[in-house]
There are 2 protein chains.
Amino acid sequence: MTETVLAEQIATRLRRDILRGTLPPGAPIKERDNASDLGVSRTPMREAIRILAKEGLVELRPSRSPIVARPNVKDLADQTLVLIALEKLSAELACTAATGADLDRIAGILATMADRFAETDPLDMFEIDMSFHTAIAEASHNRALAETHRAFLQRLWHARFLAARQKRARDRVLQEHGRILDALRARDPVAARMAIERHLGHLADDIRRVVATETPGKDTTTNKGDAT
Amino acid sequence: MTETVLAEQIATRLRRDILRGTLPPGAPIKERDNASDLGVSRTPMREAIRILAKEGLVELRPSRSPIVARPNVKDLADQTLVLIALEKLSAELACTAATGADLDRIAGILATMADRFAETDPLDMFEIDMSFHTAIAEASHNRALAETHRAFLQRLWHARFLAARQKRARDRVLQEHGRILDALRARDPVAARMAIERHLGHLADDIRRVVATETPGKDTTTNKGDAT
DNA sequence: CGGCGCAAAATGGTATACCACGGGCGGCAG
DNA sequence: CTGCCGCCCGTGGTATACCATTTTGCGCCG
């Protein structure tokens with residue numbers, strides 16, 4: 001055994017490919033092909049696919065090739081609403097549960113963002129941005145919440161990235177993040193919720209807009225992707 | 001193939017066994033044994049175990065037998081908080097999104113509960129209760145939300161059942177459910193959230209209490225279960 | 001010339017065989 | 001007698017072979 005959990009390594013790799021766009025939505029993930037491509041057997045590949053399916057990145061059809069998820073606009077907007085709700089709860093709970101170290105970590109991420117907002121490539125910067133939100137979820141010290149939050153962040157990765165690239169307003173983002181941190185430091189749940197709302201409130205609309213822009217017609221059925 | 005997705009059937013069965021308590025927390029789920037018990041091979045059994053693991057019903061340890069999840073009190077309380085948040089969001093969204101048919105369905109469940117509260121056995125009644133909440137989540141017409149909500153309801157099944165059995169106050173439950181329905185009918189998001197809060201607000205504490213009562217010491221290690 | 005049907009290939013679902021790690025137990029040495 | 005070392009067995013991880021279904025294309029019949 002290499003390091004145990006081959007399936008998870010595969011899942012990680014596939015996830016990356018999907019999120020980065022290497023595997024376009026609609027692309028079929030055939031167990032056999034992908035397995036032999038990676039030089040592994042179907043069993044772990046199969047398991048990896050199931051993992052991604054649970055995460056919503058892959059669509060499982062009965063007795064048919066799984067395909068890369070092709071979320072429609074509504075689904076994305078729906079997921080965004082849930083994400084926001086989770087993040088509000090995170091912030092609220094973090095006001096009580098967060099330790100000093102938690103807050104420091106969050107502040108550190110904020111500082112990192114401020115420092116090299118311009119010089120870092122958007123993709124990496126975006127990952128830092130996500131880690132900010134993840135850190136808040138973790139500061140709630142509520143495992144279930146943090147995990148669920150992470151799952152939604154994952155599922156929305158691509159859409160959020162597009163939305164963020166659209167209006168890449170350095171100052172606004174930093175300021176909003178700062179407000180969130182302030183609220184957490186003040187241990188003020190209401191303010192924290194509001195700060196989150198201010199930061200993410202329009203996310204659903206943004207995603208709706210950018211995805212609508214990206215997709216030519218009104219449905220994504222047109223996307224006939226082929227990965228190989 | 002019988003009806004496709006053997007793994008799912010197994011998962012359903014195992015889930016039932018776990019939720020009903022046939023498989024006590026801490027009981028090992030050995031791939032080989034359970035597979036041969038059910039007359040299937042390890043592959044679907046393995047997949048079923050992974051499904052349940054993702055649902056939080058089974059604990060996966062590296063290179064060791066998976067065991068039935070043994071959630072501690074804090075985890076349950078944490079999950080409850082998330083569940084409540086999700087349900088509030090459901091109710092809020094349902095105020096806008098629910099159709100007349102949705103409301104009728106919810107009302108129907110409420111009526112069913114009222115009719116045969118006493119005559120039905122607690123387990124079935126509890127499932128009806130759960131379906132009430134599930135119906136609200138579905139009335140939000142937000143797939144991601146409904147699914148996540150269902151997942152948490154699932155994970156909390158056992159604890160909620162214990163808590164519900166504890167204070168089995170027919171009138172109070174019906175009244176609170178009625179208030180929720182009223183708020184939905186009035187399309188009043190704020191009232192809906194409040195009604196949910198009133199209904200579930202003390203759930204975390206209840207669960208904490210009943211679980212603390214159930215577990216003698218501070219750990220459940222004493223439970224040495226055997227399924228067969 | 002087109003529609004229906006059958007057959008073969010493709011593909012996911014399932015079963016089984018093999019491998020590597022880990023813990024328990026017994027033997028050997030100090 | 002005790003402690004350490006090594007072997008064996010139990011268990012999960014992986015690979016592969018087999019089976020059922022679905023799809024698709026070709027040929028036959030209308």
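Chain letters run A, B, ... following the sequence lines, proteins first and then strands; every chain starts at 1.
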Next item on the list: Kindly indicate whether the side chain of B/Arg32 and the base of D/dG12 share any N or O donor-acceptor pair separated by less than 3.5 Å?
Entry: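 Counting by modelled atom types and ignoring angles, a donor-acceptor contact under 3.5 Å is found here.
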
Notebook entry, point to check: Nearest to the side chain of A/Pro44, which nucleotide is it out of D/dT14, D/dT22, D/dT16?
Noted result: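 That would be D/dT14.
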
Check: Which listed nucleotide (C/dG12, C/dA15, D/dG13) is nearest to the side chain of A/Arg42?
Finding: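 Nucleotide nearest to A/Arg42's side chain: C/dG12.
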
Check: Taking the side chain as C-beta and beyond, is there a heavy-atom pair between B/Ile51 and B/Ile10 under 4.5 Å?
Finding: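 SC-SC contact between B/Ile51 and B/Ile10 ruled out.
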
Notebook entry, point to check: Is any side-chain heavy atom of A/Ile106 less than 4.5 Å from a side-chain heavy atom of A/His177?
Noted result: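 They are not in contact (no side-chain heavy atoms under 4.5 Å apart), so the answer is no.
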
Whole Å only: how far is the [atom1] atom of [X] from the [atom2] atom of [N]?
{"X": "B/Ile67", "N": "D/dG12", "atom1": "CD1", "atom2": "P", "answer": "12 Å"}
{"X": "B/Arg46", "N": "D/dG12", "atom1": "CZ", "atom2": "P", "answer": "9 Å"}
{"X": "B/Glu31", "N": "C/dT14", "atom1": "CD", "atom2": "P", "answer": "15 Å"}
{"X": "B/Leu6", "N": "D/dA20", "atom1": "CG", "atom2": "P", "answer": "13 Å"}
{"X": "A/Leu60", "N": "C/dT11", "atom1": "CG", "atom2": "P", "answer": "16 Å"}
{"X": "B/Ile29", "N": "D/dG12", "atom1": "CD1", "atom2": "P", "answer": "10 Å"}
{"X": "B/Met45", "N": "D/dG12", "atom1": "CE", "atom2": "P", "answer": "11 Å"}
{"X": "B/Asn34", "N": "D/dG10", "atom1": "CG", "atom2": "C1'", "answer": "15 Å"}

Next item on the list: Could you note down all residue pairs passing salt bridge (Lys or Arg N to Asp or Glu O under 4.0 Å) where residues 123-134 of chain B supplies at least one of them, sequence neighbours left out?
Entry: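 Residue pairs passing salt bridge (Lys or Arg N to Asp or Glu O under 4.0 Å), neighbours aside: B/Arg20-B/Glu127.
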
Check: Around atom CD of A/Glu8, are there more than 12 heavy atoms of other residues, nucleotides or ligands at under 6.0 Å?
Finding: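 Atom CD in A/Glu8 is not crowded, with 12 or fewer foreign heavy atoms closer than 6.0 Å.
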
Item checked: A/His141, NE2: over 12 other non-hydrogen atoms inside 6.0 angstrom ->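 Above 12, so yes.
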
Distance check: side-chain N/O of [X] vs OP1/OP2 of [N], anything under 4.0 Å?
{"X": "A/Arg64", "N": "D/dT23", "result": "yes"}
{"X": "B/Ser41", "N": "C/dT14", "result": "no"}
{"X": "B/Thr43", "N": "C/dT14", "result": "no"}
{"X": "A/Ser65", "N": "C/dG12", "result": "yes"}

Check: Of all of residues 47-55 of chain B, which get a heavy atom below 4.0 angstrom from DNA chain C, listed by number?
Finding: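 Listed by number, there are none.
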
Notebook entry, point to check: Between A/Ala7 and B/Lys30, which is nearer to the 5' end of DNA chain D once each is assigned its nearest nucleotide?
Noted result: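 The answer here is B/Lys30.
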
Which donor-acceptor pairs under 3.5 Å do the side chains of residues 75-85 of chain B make with protein atoms, sequence neighbours left out?
| residue | atom | partner | partner atom | Å |
| --- | --- | --- | --- | --- |
| B/Asp78 | OD1 | B/Lys74 | NZ | 3.0 |
| B/Asp78 | OD2 | B/Lys74 | NZ | 2.6 |
| B/Thr80 | OG1 | B/Leu76 | O | 2.7 |

Notebook entry, point to check: Shortest non-hydrogen contact from B/Ala11 to B/Leu52?
Noted result: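 Taking every non-hydrogen atom into account, O-CD2, 3.8 Å.
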
